[in-house]
Number of protein chains: 2
Amino acid sequence: MSRSKPTIDDVARVAGVSRATASRVINNAPGASGPLRARVREAVAELGYRPNEAARALASGRPRVVDVIAVSCNLPGGWLGSNPYYSRVLAGMMPLLEGTGAQLRVHALSHETAAETLDEIAAGVTLGAVLSDITPPLAARFHRLCRRVVSLVPTAATVPAMVADNIGGAYTAVTQLHRLGRRRIAAIHGPAISTCAADRRIGHLRAVQRLGLAEISADGAFTREGGYHALQRLLELHPDLDAVFVACDLMAAGVVQALTAGGRRVPEDVSVIGFDDSVAAVCANPPLTTMRLPVEEMAAAAVRLLLHGDVPPGHRELFPAELVLRHSTGRLTAA
Amino acid sequence: MSRSKPTIDDVARVAGVSRATASRVINNAPGASGPLRARVREAVAELGYRPNEAARALASGRPRVVDVIAVSCNLPGGWLGSNPYYSRVLAGMMPLLEGTGAQLRVHALSHETAAETLDEIAAGVTLGAVLSDITPPLAARFHRLCRRVVSLVPTAATVPAMVADNIGGAYTAVTQLHRLGRRRIAAIHGPAISTCAADRRIGHLRAVQRLGLAEISADGAFTREGGYHALQRLLELHPDLDAVFVACDLMAAGVVQALTAGGRRVPEDVSVIGFDDSVAAVCANPPLTTMRLPVEEMAAAAVRLLLHGDVPPGHRELFPAELVLRHSTGRLTAA
DNA sequence: GCTTCCTGTGAGAGCGCTCTCGCCCGTATC
DNA sequence: GATACGGGCGAGAGCGCTCTCACAGGAAGC
């Protein structure tokens with residue numbers, strides 16, 4: 001009689017079956033057949049019944065939530081706000097979740113509160129967690145508490161991960177600059193705390209050694225300002241540089257601005273290549289040649305793994321970075 | 001004995017109290033005192049007890065989830081992936097939620113599936129929903145089903161909203177161009193389906209009429225490419241334009257690129273002003289003067305309202321857009 | 001010394017669902 | 001015709017928690 005939401009018992013009563021049968025029909029489970037199925041469905045439609053997720057979770061113990069966790073390795077807060085990376089992660093996960101009825105819970109944690117909140121998530125019911133940004137120690141700790149985790153950043157070896165080939169990407173980028181005839185190639189790296197940044201640094205170093213180039217580099221904190229100032233410092237020490245490999249697009253946008261401000265033309269005087277293929281790359285002027293990471297695909301693969309079942313510890317898939325040619329490196333044929 | 005998670009009964013047993021008292025202590029409810037509180041807390045710590053959220057939600061009927069809903073008004077999927085707006089929304093909400101134990105659920109819906117999923121959310125338990133992007137009809141429908149909603153975009157009048165002053169912002173932007181001495185001011189608008197775009201169009205029109213300027217405009221779909229091509233069309237028809245008001249930064253970045261490609265200097269020949277103060281504004285070269293929307297503040301205000309209690313229908317707060325001066329309009333003193 | 005009124009505590013009834021178990025009945029088997 | 005089997009269905013026991021209510025025991029008032 002009350003205006004409160006119909007429960008499965010109401011459905012069962014209206015359909016003239018037991019609650020168990022109603023449940024079977026609602027969950028598409030076997031063991032109910034033909035006419036009863038139809039009657040139950042009819043009752044559901046008539047009452048506008050929607051299962052109560054909390055009760056389901058409690059009774060079944062089977063969670064229907066996927067957690068996305070970001071512990072900003074960088075600027076507190078600022079990083080999340082200014083970086084479209086997370087949007088790409090979410091966009092990659094959403095379509096897979098749509099059919100399953102699983103929901104997406106987002107946690108943006110600061111370093112101070114991270115450990116406590118991670119424990120809480122691990123203790124709770126979750127289909128699994130996707131770590132979109134985290135430090136190796138925190139990731140390892142979380143993995144110890146909750147086996148159903150996939151990281152999107154290179155991290156502790158035990159933690160299953162869908163990672164981009166940052167090393168290979170950086171190597172490719174530097175090689176590309178070399179192919180264009182550039183020989184005074186500088187690099188602007190990200191903060192050491194980020195494992196992505198560390199990998200890109202490794203890739204750059206390998207390429208430099210392989211190609212027999214001088215190692216010229218500066219650090220830039222993954223921000224536009226960081227890139228701008230790093231390039232200014234670099235330009236003072238090495239006024240003859242003719243190319244810059246920048247560890248992220250945001251910094252690269254700053255680099256292009258600094259080059260323009262310093263009277264250098266891009267790409268005629270200096271070639272610039274970024275990393276990530278983010279909005280920053282597209283919005284820079286000239287638009288940036290960059291290494292595209294298949295973030296959506298990685299996120300989707302992570303969700304697929306979690307949805308599918310157990311996540312083997314140490315499982316690791318490498319996603320190649322792809323060179324996206326735009327104007328900041330000039331024409332490829334000029335090589 | 002089992003390795004399974006401790007329940008509140010375990011805590012009660014270890015502490016030597018009843019389940020009710022344990023619950024009181026855990027929830028900081030009154031009615032338990034002094035030594036018992038200490039004993040319970042001790043037991044909690046000893047067992048590593050964490051309350052089961054599902055059971056809590058079921059027993060109390062009090063939801064601890066805030067939903068963020070985006071029904072992309074624009075490109076299916078592409079919008080979410082490339083727009084840092086959502087990251088800003090999430091960043092604004094996160095700090096408020098951290099203390100409350102409430103969690104954030106994210107839904108990125110396509111137009112096709114939106115209605116069904118919205119019904120589901122409305123029927124479920126939620127502290128409330130924040131609509132970060134939606135069409136008025138869908139918003140109105142959702143509001144009818146679930147009173148606890150706050151929209152971040154201007155929408156149906158009944159739906160409570162924390163909205164940016166898009167009309168005023170656009171008006172300010174055009175006025176600013178006028179103050180710089182520009183008289184052939186063009187506008188590039190967003191898609192009509194977006195209420196934000198519609199409001200910015202209104203603001204532009206008002207300013208143009210007020211200032212006695214010619215109305216020159218084109219449409220650009222809120223994408224960089226859209227901005228690029230819109231400007232090319234505009235330039236063909238009005239080669240003498242000396243300023244462009246662009247309804248979003250992403251398009252504005254494209255505009256700057258098109259101007260550069262067309263041999264115009266920014267800001268010497270043409271001033272450009274964007275909207276949103278997104279990464280795109282900062283990464284463009286030259287960096288864009290733009291209208292900053294306090295997205296984080298709006299999102300935070302929305303959460304505060306939901307957390308606080310009932311949301312009065314029709315409640316509306318207007319957040320002013322703030323002019324952020326960068327290089328794309330030249331020096332203000334040159335006015 | 002009796003009633004009255006607190007305040008602190010515990011017992012126990014659900015919240016809405018899932019899932020195991022056993023019953024019933026129809027069919028196959030001897 | 002008796003026994004065995006199996007599939008469809010319902011009864012009912014939880015899942016882990018919250019919250020109402022009854023009760024015990026001490027302080028206060030007459």
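In the text below, chain A, chain B and the rest are named by the order of the sequence lines, each starting its count at 1.
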Hydrogens and angles aside, do B/R56 and B/N27 bring a side-chain donor and acceptor to less than 3.5 Å of each other? yes

Between atom CZ of A/R19 and atom CG of A/D9, what is the distance when rounded to the nearest 0.5 Å? 4.5 Å

May I ask you to test the B/I26-B/Y49 pair for a side-chain heavy-atom distance under 4.5 Å? yes

A/R56 CZ to D/dC17 P, in whole Å, measures 21 Å

Of all the nucleotides listed (D/dC9, C/dT18, C/dC19), which has the minimum atom distance to the side chain of A/R62? C/dC19

Distance in angstrom units between B/I8 CD1 and D/dC17 C1', rounded: 6 Å

Between B/S18 and C/dG10, is there a contact of a side-chain N or O with OP1 or OP2 at under 4.0 Å? yes

For the side chain of A/A59, counting heavy atoms from C-beta on, which of D/dG12, C/dC15, D/dC15 is nearest? D/dC15

Looking only at side-chain atoms of B/T21, point me to the closest of C/dT9, D/dG12, D/dC15. C/dT9

Of the candidate nucleotides C/dT18, D/dG10, D/dC17, which contains the atom at the shortest distance from the side chain of A/N27? C/dT18

Whole Å only: how far is the CZ atom of B/R19 from the P atom of C/dG14? 14 Å

Starting at atom CZ of A/R13, determine the distance to atom P of D/dC9, rounded to an integer number of angstrom. 20 Å

Can you check the A/N28 CG to C/dT18 P distance for me, whole Å? 12 Å

Just compare C/dC15, C/dT18, C/dT9 and give me whichever is closest to any side-chain atom of B/R24. C/dT9

Strictly below 4.0 Å, N to O, side chains only: are A/R50 and B/E116 in salt-bridge contact? yes

Output the rounded distance in Å from CG (B/D9) to P (D/dT18). 11 Å

Pick base, sugar-phosphate or nothing for A/G61, based on heavy-atom distances below 4.0 Å to the nucleic acid. nothing

Over how many whole Å does the gap from A/E53 atom CD to D/dC17 atom P extend? 19 Å

Between B/N52 (CG) and C/dC17 (P), how many Å, whole number? 17 Å

Out of the candidates B/H107, B/R148, B/Q103, only one should pair with B/D67 under the side-chain hydrogen bond (donor to acceptor under 3.5 Å, both in side chains) rule; please name it. B/H107

